[in-house]
Amino acid sequence: VQLVESGGGVVRPGGSLRLSCAVSGNIFSVLTMGWYRQAPGKEREWVASITRGGSPSDTDSVKGRFTISRDDAKRTVFLEMSNMRPEDTGVYYCNAVQIDGWGQGTQVTVSS
């Protein structure tokens, strides 16, 4: 199983980005999927997760700004980010919980 993130980039404070994570193989529909991020000089932190049934959860710092979703037919999980802040800057990683699978990461930079 491989995970490939895309959609990172540079955005101004208050702007939006949409990250995608495509998962190979036929087990996507049974996986709980998550997004993590790692800021420079900091440890990787959990951002959001979504269960196989589509129930989302996220960390307090992104509530009301980030939305995690999934499309099982496309084997893809998304992270919609809006009203972004400089502290959202980091490398964002996709995670498949049950198999401890990780993508290579995609850089997100929020800067004016």
Provide the full list of salt bridge (charged side-chain N to carboxylate O under 4.0 Å, His left out) pairs with a residue in residues 19-46, sequence neighbours left out, each pair given once.
R37-E45, R37-D88

Look at the side-chain heavy atoms of Ile, Leu, Val, Met, Phe, Trp and Tyr, link any pair under 4.5 Å apart, and say whether V62 and W35 land in one connected group.
yes

Using the salt bridge (charged side-chain N to carboxylate O under 4.0 Å, His left out) rule, collect all pairs that involve residues 47-57, keeping only residues at least two apart or in two chains.
none

Check for a donor-acceptor pair, side chain of T106 on one end and backbone N or O of G8 on the other, with a separation under 3.5 Å.
yes

Excluding sequence neighbours, so at least two apart, what forms side chain to side chain donor-acceptor pair (under 3.5 Å) with N83?
none

Would you find a donor on one side and an acceptor on the other, under 3.5 Å apart, between the side chain of T76 and the backbone of K74?
yes

Under the salt bridge (charged side-chain N to carboxylate O under 4.0 Å, His left out) rule, collect the residues that match up with D58, sequence neighbours excluded.
K63

Under 3.5 Å, side chain of Q107 to main-chain N/O of G9, donor-acceptor pair present?
no

Does the S49 side chain pair with the main chain of S57, one donor and one acceptor, at a distance under 3.5 Å?
no

Which residue pairs satisfy the salt bridge (charged side-chain N to carboxylate O under 4.0 Å, His left out) criterion with at least one member in residues 23-32, sequence neighbours excluded?
none

Suppose we screen for side-chain contact (heavy atoms from CB on, under 4.5 Å). Which residues come up paired with V108, at least two apart in sequence or across chains?
L17, L19, M81, M84, Y92, V110

Can you measure from OG1 (T89) to CD (Q38) and round to the nearest 0.5 angstrom?
13.5 Å

Intermediate values then yes/no, side-chain contact (heavy atoms from CB on, under 4.5 Å), V77 and L3:
CA-CA 10 Å; V77 61; L3 291 73; over 6 Å; no

Which residues share a salt bridge (charged side-chain N to carboxylate O under 4.0 Å, His left out) with R85, sequence neighbours left out:
none

Just to verify, what does R12 make a salt bridge (charged side-chain N to carboxylate O under 4.0 Å, His left out) with, not counting sequence neighbours?
none

Transitive ILVMFWY cluster of Y36 at side-chain heavy atoms under 4.5 Å: who else is in it?
W46, V91, Y93, W102

Tell me whether L79 shares a hydrophobic cluster with V10, the cluster being built from Ile, Leu, Val, Met, Phe, Trp, Tyr side chains joined at under 4.5 Å.
no

Between the OG1 atom in T59 and the CZ atom in F66, the distance rounded to the nearest 0.5 Å is 10.5 Å

Pair up each side-chain donor or acceptor in residues 21-33 with any protein partner under 3.5 Å, not counting sequence neighbours, and list the distances.
from	atom 1	to	atom 2	distance (Å)
S24	OG	Q2	N	2.7
N26	OD1	R75	NH2	2.7

Is the shortest side-chain heavy-atom distance between P56 and S69 below 4.5 Å?
no

So which heavy atom on P13 is nearest to which on S112, and how close?
CD-N, 3.7 Å

Under the rule for side chain to side chain donor-acceptor pair (under 3.5 Å), what residues qualify as partners of E80, not counting sequence neighbours?
R18

Counterpart residues, salt bridge (charged side-chain N to carboxylate O under 4.0 Å, His left out), relative to D71 (two or more places apart):
none

